[in-house]
Protein chains: 2
Amino acid sequence: MARKRAPGYENQREHILARAAELFALRGYSATSMNEVAVACGLSKPTLYHYFRDKDALLVDIAEGHVLRLQGLVAEVIAAELPAQERLRELIRRFVTEYANAQHAHRVLTEDVKFLPLADQQRILDTERAVVAGFAQAVGELRPDLERAALTKALAMLLFGMINWMFTWLRPKGALGYDDMAPMVADLFFGGLPAVKLVAGASMENAQPE
Amino acid sequence: MARKRAPGYENQREHILARAAELFALRGYSATSMNEVAVACGLSKPTLYHYFRDKDALLVDIAEGHVLRLQGLVAEVIAAELPAQERLRELIRRFVTEYANAQHAHRVLTEDVKFLPLADQQRILDTERAVVAGFAQAVGELRPDLERAALTKALAMLLFGMINWMFTWLRPKGALGYDDMAPMVADLFFGGLPAVKLVAGASMENAQPE
DNA sequence: CCTACCGATCGGTAGG
DNA sequence: CCTACCGATCGGTAGG
């Protein structure tokens with residue numbers, strides 16, 4: 001029979017991940033020392049190493065945990081079986097909310113995954129690709145001609161660009177908040193989608209998603 | 001009388017900056033050592049320090065040089081006195097071209113400026129703000145109601161999001177290249193702009209541009 | 001312009 | 001014999 005962990009073990013792990021994500025996001029992964037992480041958590045460094053094998057393990061848990069939650073959101077929305085436009089609008093709304101609640105993890109995902117061993121990078125990238133595919137699928141239902149031209153992923157990535165970039169410039173202390181931005185992004189995207197022209201023989205096989 | 005620099009001095013500096021920008025963009029600023037930069041340039045570390053005072057000086061020259069070129073592009077296009085839509089379309093086209101020619105510097109600008117002393121960060125950020133203002137001005141001419149609602153900068157930032165993010169995913173070895181993306185972004189943006197609704201009492205004073 | 005170093009700090013782990 | 005931790009310090013390497 002498996003021995004039980006101390007009761008606070010998982011809570012402590014989550015607390016460490018949250019503090020590490022904040023430090024990595026603000027100062028960068030390489031420039032953040034394990035000692036800084038430990039101090040921010042009120043722990044000694046050996047205690048920190050009790051919860052995580054090494055520095056990379058922190059980064060993997062932060063980035064992969066975030067992207068798996070995103071994949072879960074996509075699955076939930078798809079399961080609701082909404083028409084393509086409502087589905088995509090709901091995806092935008094939920095992603096903006098999720099990003100707002102996990103800004104540090106999101107920044108780590110987009111900026112620090114390159115520091116991981118290739119196997120970890122690849123696994124996270126594959127999950128990102130599945131997320132993008134969920135968005136691209138809806139784009140293809142709205143513009144089947146883009147689907148045939150293999151441009152739906154490009155459009156999905158332009159949409160991700162608007163959303164992801166938002167978290168580099170919007171400081172929602174003012175009157176404009178994330179809740180205002182989601183419909184703005186959706187209106188801009190759905191308004192503009194019919195205006196996008198086909199380009200000569202495009203293929204998107206060589207894109208790196210998210 | 002000022003002593004003349006060796007004739008190849010400026011060329012050597014530019015060469016070092018290009019190699020350093022590539023390393024910083026691929027591996028991250030903090031994770032790149034000055035010794036790696038020196039080796040990549042075929043120089044000894046002391047020779048590298050002959051051209052640049054310290055590691056930060058490399059970063060400042062790369063990031064500030066890039067953003068000043070962008071500011072120059074904005075000034076050129078404004079001087080052409082085109083109507084707002086053509087002006088913005090030309091800005092998009094030129095920015096995508098400039099980014100494609102300076103991808104490494106662009107990545108350094110968007111990811112590594114946070115490692116600089118605050119004074120340098122602030123100066124670079126001010127230039128970025130001027131660039132964004134050039135885009136936002138054109139948006140305001142197309143949608144004066146957004147101007148009154150202080151939303152033109154938010155729209156300009158969504159546009160920057162699409163363009164900036166492009167360079168994280170598009171690998172233009174395939175059929176789809178940067179030249180194809182500029183009109184796609186422009187069509188999406190101009191098609192969607194009329195569909196954007198006003199949101200309750202928004203203000204953009206607290207945004208961090210670029 | 002090189003070899004040879006410095007003060008400090010890195011990620012990770014020893015003994016108890 | 002387990003877990004959860006501490007004070008101290010390891011071998012290497014960073015920027016300069």
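- The CZ-P distance, from B:Phe115 to D:dG15, rounds to 12 Å in whole Å.
- In this structure, A:Arg94 does not pair ionically with A:Glu98, as no charged nitrogen and carboxylate oxygen lie closer than 4.0 Å.
- Among the atoms of the strands shown, only primed sugar atoms or phosphate atoms (P, OP1, OP2) are found under 4.0 Å from some heavy atom of A:Tyr51.
- Shown here for B:Gln121 and B:Val113, the closest heavy-atom pair between the two residues is CG-O, 3.3 Å.
- In this structure, NZ of A:Lys55 is placed 20 Å from P of D:dG12, rounded to the nearest angstrom.
- Here the C1' atom of nucleotide C:dG12 and the CZ atom of A:Arg53 are 12 Å apart, to the nearest Å.
- A:Ile16 places its CD1 atom 12 Å from the C1' atom of D:dA4, with the value rounded to the nearest Å.
- Remark: A:Phe24 engages A:Tyr29 in a ring-ring contact (aromatic ring centres under 6.0 Å, His included) (not counting sequence neighbours).
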Can you list the steps and then say if A:Glu90 with A:Arg87 is a salt bridge (charged side-chain N to carboxylate O under 4.0 Å, His left out)? CA-CA 5 Å; A:Glu90 179 66 9; A:Arg87 190 192 326 143; over 6 Å; no

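- A straight line from CD of A:Gln12 to C1' of D:dC5 spans 11 Å, rounded to a whole angstrom.
- With salt bridges taken as basic N to acidic carboxylate O contacts below 4.0 Å, none links B:Arg53 and B:Asp61.
- In this structure, the ring of B:Tyr178 has its center no less than 6.0 angstrom from the ring center of B:Tyr99.
- For A:His50, a side-chain nitrogen or oxygen approaches OP1 or OP2 of D:dA4 to under 4.0 Å.
- Between A:Glu36 and A:Arg27 there is a salt bridge, since a side-chain N of the basic residue sits under 4.0 Å from a carboxylate O of the acidic one.
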Pair A:Arg89-A:Glu86, salt bridge (charged side-chain N to carboxylate O under 4.0 Å, His left out): steps then yes or no: CA-CA 5 Å; A:Arg89 192 177 283 272; A:Glu86 278 102 294; over 6 Å; no

Output the pairing pattern of DNA chain C as a dot-bracket string, 5' first, Watson-Crick or G-U wobble with both distances under 3.5 Å, | for cross-strand pairs, [ ] for crossing pairs. ....||.|.||.|.|.

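- The stretch residues 28-49 of chain A comes close to DNA chain C through A:Thr32, A:Ser33, A:Met34, A:Lys45, A:Pro46, A:Tyr49, each having a heavy atom under 4.0 Å from the strand.
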